[in-house]
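Model, not experiment: these values are computed from the prediction. Within every chain, numbering begins at 1; the chains are lettered A, B, ... in the order of the sequence lines, protein sequences first and strands thereafter.
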Amino acid sequence: MEKTLQVLNQLEAEGVFSRYAIGGAIGATFYTEPFLSFDLDIFVVLPTTYGGLLTLAPIYEALRARGYTEQAECILVEEIPVQFLPAYNALLEEALAEAVTTTYEQTPARVLRAEHLVAVAVQTGRPKDRERVRLLREQAPLDIPRLEAILLRHGLGEKFKQWIA
Amino acid sequence: MDSLTKEVTHLFEAKQRRRLALAGLSFPEKIRRVVQLQKIAAPLWRQRGLNPRVWLIDRK
């Protein structure tokens, strides 16, 4: 895991993507009890391309050049299946901009804030996202005014209220 | 009946305390627990025709 994060830090330093943060189940696990996941979801801010196209191709090319291989929708980075997800909307762009820096053993890493993980889960809207919101509300040290502001800013307040009713 | 309810309440409270204690572990320790869960779940996933990969997390 530490080696995987070191590779992500190298890619960021080289400008393959301008910023990354751990999200998804492992991002949530940063704040909650551990729960099962087989993928490491990494949200990335991609460099702007001509025509504004969001493409993960440069990341895959950089990782293939280092000898890493693809497995289904993931790429195996130091034996961990990593799924890269571009920041494809305003909520994710904000979540990445405000992600927190931590260290994993000796290696710096960035994780989405708990409030953004809740908002992203509400926006995504699958049954497992609903369960994630329940867990984060129960166990994460949520900054409620911050969460409310995020939900309001991204038009998710009503859906969130329905979920927690 | 009341004693049974008390016992069950006590068990649920203990369970909740344990879950909160797990939430307070360090991130690397949590990832080690995730891998333990992967080892438990992987054979069940394979029986369903899926091919999950248990993480090797201690590469330096």
Can A:Leu117 be reached from A:Tyr88 by stepping across I, L, V, M, F, W or Y side chains whose heavy atoms are under 4.5 Å apart? yes

Within a reach of under 6.0 Å around CD of A:Glu14, are more than 12 heavy atoms found that belong to other residues, nucleotides or ligands? yes

Kindly determine whether A:Glu33 and B:Lys15 satisfy salt bridge (charged side-chain N to carboxylate O under 4.0 Å, His left out), including the steps that lead there. CA-CA 12 Å; A:Glu33 65 185 295; B:Lys15 200 177 178 72; over 6 Å; no

For A:Leu40, is it the side chain, the backbone, both or neither that has a heavy atom under 4.5 Å from a heavy atom of chain B? both

Mind checking whether B:Leu25 and A:Tyr31 sit in one hydrophobic cluster, side chains of I, L, V, M, F, W, Y counted as touching below 4.5 Å? no

Heavy-atom pair of closest approach, residues B:Leu37 and A:Pro34: CD1-O, 3.9 Å

For chain B, which residues from residues 135-164 of chain A have at least one heavy atom closer than 4.5 Å to it? A:Leu135, A:Glu138, A:Gln139

When you group the ILVMFWY residues by side-chain heavy-atom contacts below 4.5 Å and let the links chain together, are A:Leu76 and A:Leu8 in the same group? no

Heavy-atom nearest pair, B:Trp55 first then A:Pro81, reads NE1-CD, 3.3 Å

Out of curiosity, does A:Leu112 fall in the hydrophobic cluster containing A:Val100 (side-chain heavy atoms, cut-off under 4.5 Å, transitive links)? yes

Partners meeting side-chain hydrogen bond (donor to acceptor under 3.5 Å, both in side chains) with A:Glu61 (sequence neighbours left out): none

Against chain A, label B:Arg32 side chain, backbone, both or neither, depending on which of its atoms sit under 4.5 Å from a heavy atom there. side chain

Where on B:Gln16 is there a heavy atom nearer than 4.5 Å to chain A: the side chain, the backbone, both, or neither? side chain

Contact between B:Gln38 and A:Phe38 at the side-chain level, heavy atoms closer than 4.5 Å - yes or no? yes

Compare every heavy atom of B:Val34 with every heavy atom of A:Phe35, then report the nearest pair and how far apart it is. O-CG2, 3.7 Å

Considering only distance and modelled atom types, tabulate donor-acceptor pairs under 3.5 Å from the side chains of residues 17-26 of chain A, sequence neighbours left out.
from	atom 1	to	atom 2	distance (Å)
A:Ser18	OG	A:Val45	O	3.3
A:Arg19	NE	A:Leu96	O	2.5
A:Arg19	NH2	A:Leu96	O	3.3
A:Arg19	NH2	A:Ala97	O	3.3
A:Tyr20	OH	A:Asn9	OD1	2.8

CD1-CD distance between B:Ile31 and A:Glu2, expressed to the nearest 0.5 angstrom: 12.5 Å

A:Thr32, part contacting chain B, at a heavy-atom distance under 4.5 Å: backbone

Do any pairs count as a salt bridge (charged side-chain N to carboxylate O under 4.0 Å, His left out) and have a residue in residues 47-57 of chain B, sequence neighbours left out, and if so which ones? A:Glu79-B:Arg53

